[in-house]
Protein chains: 2
Amino acid sequence: MTGRNRNTSSRRATLADVAQVANVSAITVSRVINHPDKVSGELRQRVQEAIDMLGYIPNQSASSLASARSRVIGVSIPSLSNIVFNDVLRGIYDVAGANGYKVLLVDTHYSPMEEEKMVRTLLSQSPEAMIITGGDQTRACERMLLKANIPVVQMMEILDSPLDMNVGFSHYRAGRDVALKLLETGCERLGFIGARMDTRVQQRLAGFTEALQSSGKFDPGCVITTPEPSSIALGGEMFRSLISTTGGALDAIFCCNDDLALGALFESQRMNIKIPSDLALCGFNDFETSAYVNPSLTSVHVPRYEMGVTAARMILDALDNKPALEKKVDIGYEVRMRQSTRTAQDPAK
Amino acid sequence: MTGRNRNTSSRRATLADVAQVANVSAITVSRVINHPDKVSGELRQRVQEAIDMLGYIPNQSASSLASARSRVIGVSIPSLSNIVFNDVLRGIYDVAGANGYKVLLVDTHYSPMEEEKMVRTLLSQSPEAMIITGGDQTRACERMLLKANIPVVQMMEILDSPLDMNVGFSHYRAGRDVALKLLETGCERLGFIGARMDTRVQQRLAGFTEALQSSGKFDPGCVITTPEPSSIALGGEMFRSLISTTGGALDAIFCCNDDLALGALFESQRMNIKIPSDLALCGFNDFETSAYVNPSLTSVHVPRYEMGVTAARMILDALDNKPALEKKVDIGYEVRMRQSTRTAQDPAK
DNA sequence: ATGGTAAATGTTTGCGCTATCATTGTACCC
DNA sequence: GGGTACAATGATAGCGCAAACATTTACCAT
């Protein structure tokens with residue numbers, strides 16, 4: 001089979017190949033793909049047939065280069081394993097995909113240095129916009145993002161001075177509200193279990209601490225943290241450790257996320273500690289498990305999917321030059337009181 | 001500020017800009033970035049300074065176009081919300097990232113038609129390789145993938161005739177093994193709860209069914225399935241429903257995944273059904289929760305992270321023209337017997 | 001008829017980069 | 001001292017596409 005190399009089978013087909021088969025100019029093929037309304041029905045059909053025949057797939061690199069439009073949104077998250085980001089990503093993908101945008105996703109492993117590298121990688125793809133997590137970027141990373149001159153959304157938390165746009169909620173207030181709610185149910189001695197201790201967890205702890213201090217009930221000896229990543233296993237270990245160091249004198253424990261809280265809950269069952277009568281337990285993020293476990297777990301619910309959707313919509317509006325309604329959106333949260341904590345009416349110990 | 005448009009501040013810097021500042025040719029700058037060993041130390045430093053000064057970030061579209069290398073691996077998964085894929089993705093990202101590849105990820109929502117569209121999108125980015133899920137592609141999708149003439153890995157399940165490479169395990173054998181293990185512990189009447197019912201779940205059910213039929217213990221009335229996506233809530237509902245239709249005569253239930261199994265477990269606690277003495281329960285995928293919940297949940301453990309790593313490594317080897325050790329890798333699985341099932345020695349009911 | 005307008009299609013050019021080949025400089029050998 | 005070998009750098013061309021501008025045709029109002 002001579003000529004195999006220069007024919008349809010081997011080389012990837014180009015616009016020019018399609019144009020030749022359809023007996024039109026290359027730009028007409030381009031128009032059929034990008035602006036079909038600008039081509040007559042007859043030609044449109046002829047070109048489409050040639051495209052199908054050759055199995056033509058446009059070369060997006062060439063298109064991006066020529067048109068300065070990549071149709072890519074860069075997204076940076078700190079962890080692929082933390083399922084908190086799944087829902088957020090789903091929101092972003094749903095909105096971006098429905099509007100013809102691809103998502104290029106990177107994982108920074110909670111490291112600003114790595115984030116800087118990853119953002120550079122993303123920017124080299126000429127994304128039309130970026131969605132990044134939190135406000136803890138390096139100076140160099142901020143400079144790159146500003147210089148890129150594209151819409152940027154920082155998500156997950158509310159920032160004092162975002163680079164551009166911002167959607168999230170106040171982890172500080174959420175942590176404070178948890179403490180207040182626990183106090184309301186008659187709990188006096190409150191403990192805290194925290195892992196990873198990224199900025200958002202630190203803010204939760206700060207709010208929690210502040211609420212306790214202002215009612216004179218803060219005891220640093222009841223706070224236990226670790227830089228290790230959260231897991232159910234770790235929650236169990238830290239629970240056991242906190243119970244032993246405090247001599248079992250705690251009324252309630254706030255775990256910085258539901259992984260830890262579920263680990264604590266399961267461990268408490270093994271230790272024969274009654275939840276909530278012996279000890280109340282509160283998590284954060286409100287996983288589906290938390291609502292169904294027995295006793296069900298009090299947690300802070302966050303509209304993560306909606307946050308992803310909002311981030312993507314803010315980006316799209318900015319790209320469409322729509323006047324942004326707000327550059328900063330507080331997506332809120334809700335403390336969901338369940339069986340793992342006591343009720344105000346029944347603060348029995 | 002005249003001239004602002006043509007200077008560093010506004011327009012994105014190009015190779016030529018860097019070259020001019022460093023007083024070298026453009027190709028030298030390119031070499032500093034891509035083949036630094038081919039440039040003398042002095043020039044390399046001068047160029048690097050110019051790059052830093054201008055905040056130059058290469059345009060990957062132009063690079064891809066000129067070099068026919070995109071450094072992109074396309075990955076297609078059926079669901080972003082199903083956390084089973086998190087671990088797999090983590091494996092892929094870790095290996096791909098460490099080797100300078102970007103991952104372009106799409107979600108097909110378990111639809112072959114959507115998968116076809118998404119694969120077309122991925123191919124338009126000229127990926128150097130593709131990792132896709134399962135073997136349930138449309139004919140057109142298969143044709144596109146073959147025509148692209150790049151390494152392709154189909155993952156998650158073992159296929160009879162993969163398009164190219166394949167890593168996964170036999171869901172059929174896993175389902176069969178679960179049935180056999182449950183029979184070994186003295187369970188006679190086995191039920192099945194399945195949701196989503198994608199091909200892999202169907203294979204688990206087929207294996208499960210086959211094992212029961214060959215020992216004359218299969219009862220289709222004990223099988224309950226739905227095309228809805230799995231969730232803990234759904235697991236609870238289906239459990240309640242299966243218990244009521246079978247009149248509570250079951251010895252054990254195999255849930256097609258751990259979401260459903262945990263939902264069933266939590267619901268059984270509320271219904272005051274004793275696990276495993278009244279009823280044994282087995283899940284699939286072995287989430288972390290399953291090992292720590294009380295009673296701990298028997299489940300089928302799958303090395304998902306390793307599967308992702310293996311998929312990426314197979315791709316890299318193929319791209320390096322290393323002789324692939326095997327085109328098909330069985331990553332295996334393991335039925336982990338825990339407290340939610342009985343033991344062979346103690347088959348008490 | 002004449003000019004004017006708009007729709008349909010084509011020609012040219014350049015996006016930013018790298019492969020390829022060409023050139024220059026430098027060390028080294030017999 | 002003339003040749004060989006190789007390292008370092010540069011000039012040129014072209015990757016595939018779409019923006020910008022040009023041309024053709026059809027149709028209408030005057």
Side-chain angles (χ1 to χ4, degrees), chain A residues 6 8 10-48 50-51 54-72 100 123-128 148, chain B residues 5-6 8 10-48 50-51 54-72 123-128 148:
Chain A
R6 38 198 355 255
T8 50
S10 166
R11 221 190 69 236
R12 178 168 168 186
T14 70
L15 260 197
D17 297 333
V18 177
Q20 199 184 347
V21 169
N23 198 28
V24 295
S25 72
I27 192 67
T28 299
V29 179
S30 169
R31 280 197 271 254
V32 168
I33 293 167
N34 299 306
H35 312 282
D37 53 309
K38 298 199 169 172
V39 179
S40 69
E42 188 221 352
L43 272 201
R44 197 160 55 219
Q45 188 182 344
R46 214 163 80 210
V47 168
Q48 191 56 57
I51 288 175
L54 294 174
Y56 171 68
I57 294 178
N59 182 325
Q60 184 59 45
S61 296
S63 172
S64 299
L65 187 59
S67 69
R69 296 214 55 188
S70 65
R71 291 255 159 209
V72 164
L123 289 178
S124 78
Q125 303 289 325
S126 313
E128 296 183 32
Chain B
N5 285 334
R6 38 199 354 253
T8 49
S10 165
R11 221 191 68 236
R12 176 169 170 186
T14 69
L15 258 197
D17 296 334
V18 177
Q20 199 184 348
V21 168
N23 198 26
V24 295
S25 72
I27 190 68
T28 299
V29 180
S30 169
R31 280 198 271 254
V32 168
I33 294 168
N34 299 306
H35 311 283
D37 53 308
K38 298 201 170 170
V39 180
S40 69
E42 188 221 353
L43 271 201
R44 197 161 54 219
Q45 188 182 343
R46 214 163 80 210
V47 168
Q48 191 56 56
I51 287 176
L54 295 175
Y56 171 68
I57 294 179
N59 182 325
Q60 184 58 46
S61 295
S63 172
S64 299
L65 186 58
S67 70
R69 298 214 54 188
S70 64
R71 293 252 158 213
V72 165
L123 289 178
S124 78
Q125 303 288 326
S126 314
E128 297 184 31

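Residue numbers begin at 1 in each chain, while the letters A, B, ... track the order of the sequences.
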Under a 3.5 Å distance rule, please check whether [X] uses its side chain to pair with a backbone N or O of [Y] as donor and acceptor.
X	Y	result
Arg12(B)	Ile57(B)	yes
Ser70(A)	Ser126(A)	yes
Gln125(A)	Gln60(B)	no
Arg46(B)	Val21(B)	no

Side-chain N or O of [X] versus OP1/OP2 of [N]: is the shortest distance under 4.0 Å?
X	N	result
Ser30(B)	dC17(C)	no
Ser67(A)	dA18(D)	no
Ser25(B)	dG10(D)	yes
Tyr56(B)	dC17(C)	yes

Expressed as a whole number of angstroms, how long is the span from [X]:[atom1] to [N]:[atom2]?
X	N	atom1	atom2	value
Gln60(B)	dC15(D)	CD	P	19 Å
Lys38(B)	dG10(D)	NZ	C1'	15 Å
Asp37(B)	dA8(D)	CG	C1'	12 Å
Arg71(B)	dT18(C)	CZ	P	12 Å
Arg46(A)	dT9(C)	CZ	C1'	11 Å
Ile57(B)	dC17(C)	CD1	C1'	16 Å
Ile33(A)	dC17(D)	CD1	P	8 Å
Arg12(B)	dG14(C)	CZ	P	21 Å

Measure from the side chain of [X], starting at C-beta and using heavy atoms only, and say which of [options] lies closest.
X	options	value
Ile27(B)	dA19(C), dA18(D), dG16(C)	dA19(C)
Asn59(A)	dT9(D), dG16(D), dC17(C)	dG16(D)
Ser40(B)	dC17(C), dA8(D), dT9(C)	dA8(D)
Leu15(A)	dT18(C), dG10(D), dC17(D)	dC17(D)

Practice problem: Identify, between Ala66(B) and His35(A), the residue whose nearest nucleotide on DNA chain D lies closer to the 5' end. | Solution: Ala66(B)
Exercise. Pick base, sugar-phosphate or nothing for Arg69(A), based on heavy-atom distances below 4.0 Å to the nucleic acid.
Key: nothing
Exercise. Report which part of the nucleic acid Leu65(A) touches: base, sugar-phosphate, or nothing (heavy-atom distance under 4.0 Å, all strands).
Key: base
Exercise. Assess whether one donor atom and one acceptor atom, taken from the side chain of Arg31(B) and the base of dG10(D), lie less than 3.5 Å apart.
Key: yes
Quiz item: Any chance CD of Gln48(A) has more than 12 other-residue heavy atoms, nucleotides or ligands included, within less than 6.0 Å?
Solution: yes
